[in-house]
Amino acid sequence: MEDSYNGDLSGYKRIDRFDQKVTEQISDHYSEIIQLLGENVSREGLLKTPQRVAKSMQFLLQGYDQDPEQMLRDAMFHEEYRQMVIVKDIEIYSMCEHHMLPFIGKAHVGYIPNGYITGLSKIARVVDAFARRLQVQERLTSQIKDCIQNTLNPLGVAVVIEAQHLCMQMRGVQKQHSVTTTSDFTGAFERVATREEFIRLISSK
Ligand code: ZN
């Protein structure tokens with residue numbers, strides 16, 4: 001039943017790329033984990049769960065196979081535009097490296113070109129490539145900033161991420177609605193006026 005959906009959910013199109021051996025190994029470990037947690041791994045509903053989780057985890061952490069700097073280099077265009085370029089509300093689905101639980105939110109990225117621009121969708125792909133790893137929100141923010149700075153060499157880069165962490169919401173302090181905001185800036189964005197313009201632009205609906 002569930003297999004028949006595979007072709008339709010864009011998220012699962014990559015299933016064929018999963019290494020069979022790695023999937024089996026991860027699956028065996030999950031089988032053991034489920035038993036250690038007190039469940040009966042051979043009851044009907046759980047029969048295929050270890051394998052599903054193995055594939056799902058590989059999908060959620062596919063960023064290790066991706067090279068974000070190369071993604072930008074492949075789509076760099078010479079252009080004299082020197083105003084702020086902003087891509088806002090990029091969806092983030094990442095995994096906290098301390099609890100291996102999701103953190104979910106939005107990234108806003110801005111840069112001021114210095115001779116080169118990139119495809120706007122590439123910025124979103126860079127965010128995704130770093131998000132699909134075991135992460136902390138602070139490092140994710142800086143890695144996106146560094147990647148753009150190192151490849152496009154713009155006059156400045158700004159990255160703001162707002163996210164909700166399931167490890168905070170489901171366990172520990174159980175702060176259900178708290179949002180964590182992180183930001184990192186280079187170059188022109190270190191000037192207060194430029195940074196404020198960026199913040200104003202990403203805050204407008
Ligand atoms: Zn956590």
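Counting convention: from 1, in listed order, for ligands and their atoms alike.
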| query | Can you find a side-chain donor-acceptor pair between T23 and Q58 that sits under 3.5 Å? | reply | yes

| query | Taking C-beta and beyond as the side chain, do Y116 and F77 meet within less than 4.5 Å on heavy atoms? | reply | no

| task | In plain terms, say whether R133 and E97 are close enough for a salt bridge, that is, a side-chain N and a carboxylate O under 4.0 Å apart. | result | no

| task | Output yes when R73 and E69 qualify as a salt bridge under the 4.0 Å nitrogen-oxygen rule, no when they do not. | result | yes

| task | Give every protein N, O or S atom lying under 2.8 Å from the Zn ion (ligand 1), naming each by residue and atom. | result | C96 SG, H99 ND1, C167 SG

| task | Looking only at non-hydrogen atoms, find the nearest pair between I34 and P50 and report the distance. | result | CD1-CG, 4.1 Å

| field | Stacked cation flag R132 on Y93, 6.0 angstrom / 45 deg | value | no

